[in-house]
Amino acid sequence: MEKPALPKGTRDFGPAEMAKRQFILTTIRTIFQKYGFQPLETPAMENLNTLEGKYGEEGSKLIYKIRSNKSLRARLSGEKIDALNSIYKFWLPQKSELGLRYDLTIPFARYVVMNRHEITLPFKRYQVQPVWRADRPQKGRYREFYQCDADVVGTDSLICEAEIILMIKEVMHKLNINKYSVKINHRGILNGIAEVIAAVGREGELFVAIDKLDKIGEPGVRKELIEKGFTSTQLDSLFALIGTKGNNREKLTALKTTFASSTTGLKGVHELTEVFDLLNHYRADDNHVEFDIALARGLSYYTGCIFEVKINDVAIGSVSGGGRYDNLTQAFGSKEQLSGVGISFGIDRLYDAMEELKLFPKETLSSSKVLVCHFDEATRAYALGLVTQLRAAGINSEIYPDVSKLKKQLDYANKKMIAFCLVVGEEEMKSGELTIKNMESGEQEKLTITTIIHKLTH
RNA sequence: GUGAAUGUAGCUCAGUUGGUUAGAGCACCAGAUUGUGGUUCUGGGGGUCGCGGGUUCGAGUCCCGUCUUUCACCCCA
């Protein structure tokens, strides 16, 4: 007998994990809906050409490809395939036509292009589904994980950016995460930097390196860029720029003069300034929001604001990221230029961080509110009617299915963190005065089912 | 994809320079208590030492391979 195992980088989620995961998911969903986003789901698999060429060179390697067995079988009999496979394993045309979803943004763009006629712009959708990456797993990095995306397409308004920040703040607040920062930057600012330090055309290398600033520090970034052939004059002006001091507003003001000759740099400054202005109009503050000149983010399709959310005191990557992309739908042949902006939460990382910081509320774990206990077949039969009444009143309840000792039933309630036990014996059955026991305090009293229901629902 | 560590009961870990029948705590099950749990006491079940090969009279311990998990790089949620 073979021992069962999970594929590398995948996990099962038992009831305890699911309770916590759903706490995160419903929190995020509720907030997305509150801001006017509507749900969308797309298939786990896409045609490979939908996925290919969208995630850069590194990303392409990480797409899970699904081999089509049909095309081979159509041509050869099973026997021949086996024979050929054993000899020419690598030569057979292993036609790969499908791939697993790598993120939720590209499938969304595909959906928008395919359904353009029935979509009213601006279109706001959210999507909560697993994605797959053929990456090597490590802490906070899995091969199958969930993303929660909210995107708006069809408007350039920076109100969207501001609302993204508001949603992030609200999600973090509802999840009891207090120590975190929403980093924000703008591709225009990054491009402006490239212009100012005379590195136009080499933005890729430059951005990848400076994105690592908080990880490897200035010396590390310098070293990497020197190796790539940047001059120390360029690097000096680069770090003078990145090292701009002050709060968000002060940094923006300082950059305005730096970018006097860079239109793209100025555009970045103006847009970020407007985002901060909008936050004020929403009567929100910019606590936790940090304009980070060195924030770059990998995905090459971003063109405007970019976001990233990090939780303090946990050694886990970012729990959320996003930004504005101006021409995503053009990759699918759309002539119309649609601008989009979105945010993605990685709930697996949120989970890991919250677990580490012990932020899950206790109630998350309990399932039923009431366990109905009994002593024999007669009381059990009578108790069934009580369960129905409890459930009809909207109280999550269950009955212990076997006739067994009360001790065992109370034990069960303890393990499932059920708050109340309704004990139904012969006496209770006759009088209709039922024993309700509070499992935390140990107190118990005798009440009728109607008063019990009243107490539990008010 | 590159480099490096790890693996002993459900969990956390002991296991002496290779030497009899591999241990502990927690968890689990049963009883003390045939209508009262989360405390206590008593007893019990559970391990092909990740898997496969090798060295040896003898391997949990040494060697090789493989898988898993983890860490760094790469990249990212």
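In what follows, every chain begins at residue 1, and chains take the letters A, B, ... in the order their sequences are listed. Keep in mind it's a predicted model, so treat the numbers as computed, not measured.
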Original post:
Looking at A/F108, does the NZ or CZ of A/R125 lie under 6.0 angstrom from its six-membered ring centre and within 45 degrees of the ring axis?
Top reply: yes

Original post:
Taking the P atom of each, how far is B/C74 from B/U69, in whole Å?
Top reply: 22 Å

**OP:** Answer yes or no: side-chain N or O of A/N414 and base N or O of B/G37 forming a donor-acceptor pair under 3.5 Å.
**Re:** yes

**OP:** Using atom CD1 of A/I106 as one end and atom P of B/A77 as the other, report the distance to the nearest whole Å.
**Re:** 12 Å

Original post:
Counting only Watson-Crick or G-U wobble pairs whose two distances fall under 3.5 Å, which nucleotide matches B/C26?
Top reply: B/G10

Subject >> For atom CZ of A/R141 and atom P of B/C73, their distance in whole Å >> reply: 10 Å

**OP:** Select base, sugar-phosphate, or nothing to describe what A/V131 touches, counting heavy atoms under 4.0 Å on all strands.
**Re:** nothing

Subject >> Distance under 6.0 Å and angle within 45° of ring axis: A/R11 vs A/Y142 >> reply: yes

Original post:
Taking CG from A/D411 and P from B/A27, how many angstroms apart are they, rounded to a whole number?
Top reply: 12 Å

Subject >> Below 4.0 Å: OP1/OP2 of B/C75 and any side-chain N or O of A/K212 >> reply: yes

Subject >> P gap between B/A27 and B/U70, integer Å >> reply: 27 Å

Subject >> Identified pairing partner of B/C49, criterion: Watson-Crick or G-U wobble below 3.5 Å >> reply: none

Original post:
Contact class for A/E308 (heavy atom, under 4.0 Å): base, sugar-phosphate, or nothing?
Top reply: nothing

Subject >> Closest-nucleotide 5' rank along RNA chain B - winner of A/E224 and A/K8 >> reply: A/K8

Subject >> Separation between the P atoms of B/G3 and B/U8, rounded to whole Å >> reply: 26 Å

Subject >> Rounded distance (Å) that lies between atom P of B/C75 and atom NZ of A/K215 >> reply: 9 Å

**OP:** Pick base, sugar-phosphate or nothing for A/G317, based on heavy-atom distances below 4.0 Å to the nucleic acid.
**Re:** nothing

**OP:** Go ahead and name the base partner of B/G3; Watson-Crick or wobble counts if both distances stay under 3.5 Å, otherwise write none.
**Re:** B/C71

Original post:
How far, in whole Å, is B/A72 from B/U6 if one measures between their C1' atoms?
Top reply: 15 Å

**OP:** Assess the pair A/Y351 and A/F360: is the distance between their ring centroids shorter than 6.0 Å?
**Re:** yes

Original post:
So, the side chain of A/R101 versus the backbone of A/T42: is there a donor-acceptor pair under 3.5 Å, distance only?
Top reply: yes

Original post:
In terms of the nearest nucleotide of RNA chain B, which residue is placed more toward the 5' end: A/F345 or A/K407?
Top reply: A/K407

Original post:
What about A/Q444: does its side chain form a donor-acceptor pair under 3.5 Å with the base of B/G37?
Top reply: no

Original post:
When we call it a touch if two heavy atoms are under 4.0 Å apart, what does A/G442 touch: a base, just sugar-phosphate, or nothing?
Top reply: base

Subject >> salt_bridge(A/K20, A/E17) N-O dist < 4.0 Å >> reply: no

Subject >> B/G45 versus B/A5 - spacing of their P atoms, nearest Å >> reply: 40 Å

Subject >> Under-4.0 Å salt bridge between A/E398 and A/K416 >> reply: yes

Subject >> Check ion pair A/D348-A/R141 (N to O, under 4.0 angstrom) >> reply: no

Original post:
On a whole-Å scale, what distance lies between the C1' atoms belonging to B/U48 and B/A9?
Top reply: 14 Å

Subject >> Nucleotide of B/G37, B/U70, B/A77 approaching A/P137 most closely (side-chain heavy atoms) >> reply: B/U70

**OP:** Pick base, sugar-phosphate or nothing for A/G9, based on heavy-atom distances below 4.0 Å to the nucleic acid.
**Re:** sugar-phosphate

Subject >> Distance between C1' atoms of B/U17 and B/G1 (Å, rounded) >> reply: 41 Å

**OP:** Figure out the CG/C1' separation between A/D352 and B/C76, and round it to whole Å.
**Re:** 14 Å

Original post:
Does B/C41 have a Watson-Crick or wobble mate here (both distances under 3.5 Å), and if so which one?
Top reply: B/G31

Original post:
Within 45° of the axis and under 6.0 Å from the centre of the six-membered ring of A/Y64, does NZ or CZ of A/R133 qualify?
Top reply: no

**OP:** Grab the NZ-C1' distance between A/K61 and B/C75 for me, whole Å please.
**Re:** 10 Å

Original post:
Expressed as a whole number of Å, how far does the P atom of B/U66 sit from that of B/G47?
Top reply: 30 Å

**OP:** Give, for atom CZ of A/F32 and atom CG of A/L25, the distance between the pair rounded to the nearest 0.5 Å.
**Re:** 10.0 Å

Subject >> Nearest listed nucleotide, side chain of A/K415, among B/U69, B/G35, B/C28 >> reply: B/C28

Original post:
Out of B/G38, B/A72, B/C76, which has the shortest distance to the side chain of A/Q138?
Top reply: B/A72

Original post:
If you look at every heavy atom in A/G201 and A/E203, which pair is closest and at what distance?
Top reply: N-OE1, 2.9 Å

**OP:** Determine the interplanar angle of the A/Y400 and A/Y412 rings, folded into 0 to 90°, and report it as parallel if under 30°, tilted if 30 to 60°, perpendicular if over 60°.
**Re:** perpendicular

Original post:
On a plain distance test, is the side chain of A/K437 in donor-acceptor contact with the base of B/U36 below 3.5 Å?
Top reply: yes

**OP:** Measure from the side chain of A/L410, starting at C-beta and using heavy atoms only, and say which of B/G35, B/C75, B/G37 lies closest.
**Re:** B/G37

Original post:
Contact class for A/G140 (heavy atom, under 4.0 Å): base, sugar-phosphate, or nothing?
Top reply: base

**OP:** Check every atom of B/U36, B/G37, B/U69 against the side chain of A/L406 and return the nucleotide holding the closest atom.
**Re:** B/U36

Subject >> Side chain of A/E58 - closest among B/G35, B/A77, B/C74 >> reply: B/C74

Nucleotide N/O to protein N/O under 3.5 Å, stretch nucleotides 2-5 of chain B:
from, atom 1, to, atom 2, distance (Å)
B/U2, O4, A/R136, NE, 3.4
B/U2, O4, A/R136, NH1, 3.0
B/G3, O6, A/R136, NH1, 3.0

Subject >> Spacing of A/Y142 atom OH relative to B/U69 atom C1', expressed in whole Å >> reply: 11 Å

Original post:
Base, sugar-phosphate, or nothing: which does A/E426 touch, judged by heavy atoms less than 4.0 Å apart?
Top reply: base

**OP:** Measure from the side-chain heavy atoms of A/K408 and tell me the nearest of B/C73, B/G35, B/A30.
**Re:** B/A30

Original post:
Considering only side-chain heavy atoms of A/L62, which listed nucleotide, B/C71, B/C75, B/G35, is closest?
Top reply: B/C75

Subject >> Under-4.0 Å salt bridge between A/E46 and A/R110 >> reply: yes

Subject >> Rounded interatomic separation in angstrom, taking NZ from A/K65 and P from B/G1 >> reply: 13 Å

Original post:
Looking for any heavy atom pair under 4.0 Å, which part of the strands does A/K416 touch: base, sugar-phosphate only, or nothing?
Top reply: nothing

Original post:
Looking at the side chain of A/K139, which of B/C73, B/U70, B/U36 is the nearest nucleotide?
Top reply: B/U70

Original post:
Do we count A/F145 as stacking onto B/A77 if the rule is ring centres under 5.5 Å and planes under 30°?
Top reply: yes

